[in-house]
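Each ligand, and each atom within it, is numbered from 1 in the order the structure gives.
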Amino acid sequence: MTILFVSDLHLHSSRPAVTDCFLRFLADTASQAKALYILGDLFESWIGDDAPGTTGEQVCTALRSFTARGVPCSFMHGNRDFLIGQDFAARSGLTLLPDETIIDLYGERALLMHGDTLCSDDHAYQRYRRIVRSPVVQALYLALPVRARSHIEAQLRSRSTASHGSKPAMLMDVNQQTVAAVMERHGVSLLIHGHTHRPAIHRFDNAQQATATRIVLGDWYEQGSVLRWTPSGPELQHFGLH
Ligand code: MN
């Protein structure tokens with residue numbers, strides 16, 4: 001049986017082909033799986049469970065029928081959709097996982113993360129993250145009317161797009177010392193994450209001179225992307241949107 005991992009779909013009404021591709025993936029490939037893990041940034045933006053938008057509703061309905069067919073599906077927040085709450089999770093049949101969750105993968109302990117905290121060289125982003133992840137800030141934001149929330153979200157998103165263009169590529173990737181430290185803290189030699197949109201299976205020696213593995217999931221901009229894990233091991237796969 002196969003365990004599937006996806007992340008960084010960035011579903012948005014402006015890219016309906018990606019949403020369609022994900023709905024086919026749920027009905028097709030994923031319905032045969034033992035479990036599906038969504039490691040963040042399922043949506044390009046999320047302003048609250050009370051305003052899912054048409055794409056959010058469509059995905060909610062598809063996830064509900066997917067999970068109702070008996071495939072356990074877990075979701076971890078990304079930096080775009082960290083406001084997904086218990087309400088959306090319950091309606092979709094998703095189990096919400098905290099960032100840095102350990103699962104058993106055919107007898108091996110695997111650490112699951114979205115991956116944004118690994119990009120520790122990007123100090124400006126880490127500062128921004130501490131603010132928007134604060135429960136007080138989130139409560140204040142969620143208390144605003146939907147229109148005000150979407151306005152703020154659009155502002156932040158255009159600012160983030162502008163700053164991405166000027167940031168050196170190195171800042172947008174993980175810091176290897178941060179990777180080693182979090183793996184050491186959890187006592188794992190396997191880490192699976194998304195966020196950087198640089199799909200790869202990296203192997204390196206950890207502090208104990210043992211081989212450690214870091215698997216990076218791919219995004220769903222130009223194609224679909226999935227990590228399939230079978231008893232014989234991991235495989236990153238890409239497939240066309242149509
Ligand atoms: Mn991300």
Side-chain angles (χ1 to χ4, degrees), residues 4-15 18-19 21-22 25 36-48 52-53 55-56 59 73-85 88-89 94 96-101 110-134 137-138 141 152-176 178-179 182 191-200 202 214-227 236 238:
L4 303 174
F5 300 86
V6 297
S7 72
D8 303 284
L9 295 93
H10 294 270
L11 301 179
H12 189 261
S13 55
S14 64
R15 289 190 299 273
V18 184
T19 302
C21 182
F22 179 58
F25 170 80
L36 171 65
Y37 289 88
I38 305 171
L39 300 187
D41 288 355
L42 172 61
F43 297 103
E44 174 71 10
S45 66
W46 197 261
I47 62 168
T55 303
V59 171
C73 185
S74 307
F75 171 80
M76 179 178 284
H77 289 141
N79 54 301
R80 300 282 189 178
D81 53 11
F82 58 86
L83 284 176
I84 285 181
F88 179 80
L94 298 176
L96 285 181
L97 299 179
D99 206 347
E100 300 187 21
T101 291
L111 173 62
L112 309 182
M113 298 176 72
H114 176 58
D116 55 330
T117 55
L118 299 171
C119 301
S120 51
D121 293 320
D122 190 347
H123 302 293
Y125 169 70
Q126 298 301 335
R127 258 196 315 275
Y128 164 83
R129 187 184 195 277
R130 277 192 292 276
I131 296 166
V132 296
R133 296 297 183 99
S134 124
V137 171
Q138 291 190 1
Y141 178 79
I152 293 171
E153 189 278 327
Q155 296 282 318
L156 288 174
R157 201 142 60 91
S158 71
R159 221 186 280 179
S160 136
T161 313
S163 79
H164 272 206
S166 60
K167 274 182 191 171
M170 184 210 114
L171 280 192
M172 315 287 285
D173 204 354
V174 303
N175 173 299
Q176 184 58 35
T178 304
V179 167
V182 72
L191 165 63
I192 301 171
H193 70 85
H195 182 67
T196 61
H197 301 196
R198 298 174 193 210
H202 299 280
R214 175 172 72 92
I215 302 182
V216 189
L217 308 176
D219 66 73
W220 285 52
Y221 281 119
E222 308 294 334
Q223 72 285 302
S225 186
V226 62
L227 171 68
L236 278 168
H238 304 284

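Taking the six-membered ring where the residue is Trp, Phe25 and Phe22 present parallel rings, their angle staying beneath 30° rather than reaching 60°.
Residue contacts to the Mn ion (ligand 1): Asn79 brings an N, O or S atom closer than 2.8 Å. Not a single N/O/S atom of Asp8, whether from backbone or side chain, sits less than 2.8 Å from the Mn ion (ligand 1).
Considering just the N/O/S atoms of Asp41, the one nearest the Mn ion (ligand 1) carries the name OD2.
The closest side-chain heavy-atom distance from Leu227 to Leu4 is not below 4.5 Å.
Heavy-atom contacts from other residues, nucleotides or ligands closer than 6.0 Å to CZ of Arg157 number more than 12.
Here the two rings, on Tyr221 and His197, have centers that are under 6.0 Å apart.
For His114 atom NE2 and His195 atom ND1, the angle they make at the Mn ion (ligand 1) is roughly 90°, to 10 degrees.
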